[in-house]
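Structure, as structure tokens:
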Amino acid sequence: MSNADVEAGGPAGREATTGIKPPPGRYNPSGNGPNAVAPAPPPFYYYDQAAAQERRHRTWVVPLVVIANVAMFVVMMYYNNCPANGGRRDCVGRSFLRRLSFQPLRENPVLGPSAATLRKYGALDWYGVVHGNQAWRLETSTWLHAGLIHLAANMISLLIIGIRLEQQFGFCKPESVKSRKGKVGLVYLVSGFGGSVLSVLFISRNGITVGASGALFGLLGAMLSELITNWTIYSNRCAAMVNLIIIAAINLALGILPRVDNFAHIGGFATGFLLGFVLLIQPQFGWSEQVSSAKSKYNAFQIILLTLSVALLIAGFAAGLVSVFKGVDGNAHCSWCHYLTCVPTSSWKCDK
């Protein structure tokens, strides 16, 4: 249920090291369709930015998101109340967890509630979104987790990626820190939504899917575009670029394993990538508001990328949402797209 994940270290003497960690994923508790456990993006290659002048600021966006996800899981388990569900005695942890005990492992192997409970609390459900006027599921599904294992894996990766991203954007004057951190939260929210839009176009009509991996992939995509648009202020940028591309490619490639919702990853990554050009732009090297200078705050390259990204985001969301609410089946218009989420081999088959 886990795939390779890469953890990057913080700046130290303008050098960074990488290691391997298992990632979280997007999970399909109903067992239908290609949407099950999906690898979430790994910690990014943490490139330097004037290490001698680094200033660590308190992070609040990521911890708040983690608390919200954990609280939502507890609420779901309380409502699920496995022991009261027909007087069952095979609930996992029934003797000490009581109504918070998990569904039997044969129903939910990642220690969580039933598929019916997940659907009630906002899992991504094709019929509900398309015919039930439940567009809110496109966002709520990113705040749900199918089980304790699923939740822990996602939240660990979010802490590793998100806190470092907040710290990265804390290297600025104090009065601008809050606004920059708010942008990190916005990237997370919108990327999760973007991943859900693409996912619902290809999701099994009878299946449901939950998980924050689309939003996590969005943070990874934003880190890549942030490096590109702020190219002039970083040293050792080629190494950083290569590492980020390799990390993204490996994790997206792992999404072709069976029962993995790689469409949520692709949609989240693409959304975060474009948002990075818009929200994470920084003044070019040599510009300072403290010193009178004829040099412009942003160069032409940054402005062009920002403009194109805004246009692509508007066009992409407009086309995607119109297709979703029309009930368009993406697989019917793209005969090879199912290979983006699962490639059959002699070792496994792909659900259709």
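The residues of the chain are indexed from 1 along the displayed sequence. Remember, predicted model here, so these are calculated numbers, not experimental data.
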Problem set entry | Pair Ser114-Asn80, side-chain donor/acceptor within less than 3.5 Å | yes
For this session: Check whether the side chains of Gln302 and Gln282 place a donor and an acceptor atom closer than 3.5 Å, and report yes or no.
Result: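 Side-chain D/A pair, Gln302 to Gln282: absent.
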For this session: Could you tell me which residues satisfy salt bridge (charged side-chain N to carboxylate O under 4.0 Å, His left out) with Arg205, sequence neighbours excluded, listed by chain and number?
Result: Asp329
Problem set entry | Those residues that, when tested against Phe102, pass ring pair (Phe, Tyr, Trp, His ring centres under 6.0 Å) (two or more places apart) |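 Phe102 satisfies ring pair (Phe, Tyr, Trp, His ring centres under 6.0 Å) with no other residue.
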Exercise. For Phe317, which residues count as a ring pair (Phe, Tyr, Trp, His ring centres under 6.0 Å) partner, sequence neighbours excluded?
Worked result: Phe193
Exercise. Shared ILVMFWY cluster between Tyr339 and Phe269, side chains joined below 4.5 angstrom?
Worked result: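 Yes: a chain of side-chain contacts under 4.5 Å links Tyr339 to Phe269.
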Exercise. Should Ile314 and Leu308 be regarded as members of a common hydrophobic cluster, given that ILVMFWY residues are connected when their side-chain heavy atoms come within less than 4.5 Å of each other, either directly or indirectly?
Worked result: no
For this session: Rounded to the nearest 0.5 Å, what's the gap from CG on Asn331 to CZ on Phe263? Could you check?
Result: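 Those atoms lie 6.0 Å apart.
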Exercise. Could you give the distance from SG (Cys337) to CD1 (Ile266), rounded to the nearest 0.5 Å?
Worked result: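 Reported value, rounded in 0.5 Å steps: 8.5 Å.
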Donor-acceptor list for residues 66-74 side chains, cut-off 3.5 Å, not counting sequence neighbours:
{"residue": "Asn69", "atom": "ND2", "partner": "Val65", "partner atom": "O", "Å": "2.8"}

Got [X] and [Y] here, is their nearest side-chain heavy-atom distance under 4.5 Å?
{"X": "Pro113", "Y": "Asn108", "answer": "yes"}
{"X": "Thr271", "Y": "Val197", "answer": "no"}
{"X": "Val130", "Y": "Phe325", "answer": "no"}
{"X": "Arg106", "Y": "Asp90", "answer": "yes"}

Problem set entry | Pairs touching residues 116-135 that satisfy ring pair (Phe, Tyr, Trp, His ring centres under 6.0 Å), sequence neighbours left out | Tyr79-Tyr121, Trp126-His131, Tyr127-His131
Exercise. With sequence neighbours left out, which residue pairs that include part of residues 184-240 fulfil the disulfide (SG to SG under 2.5 Å) condition?
Worked result: none
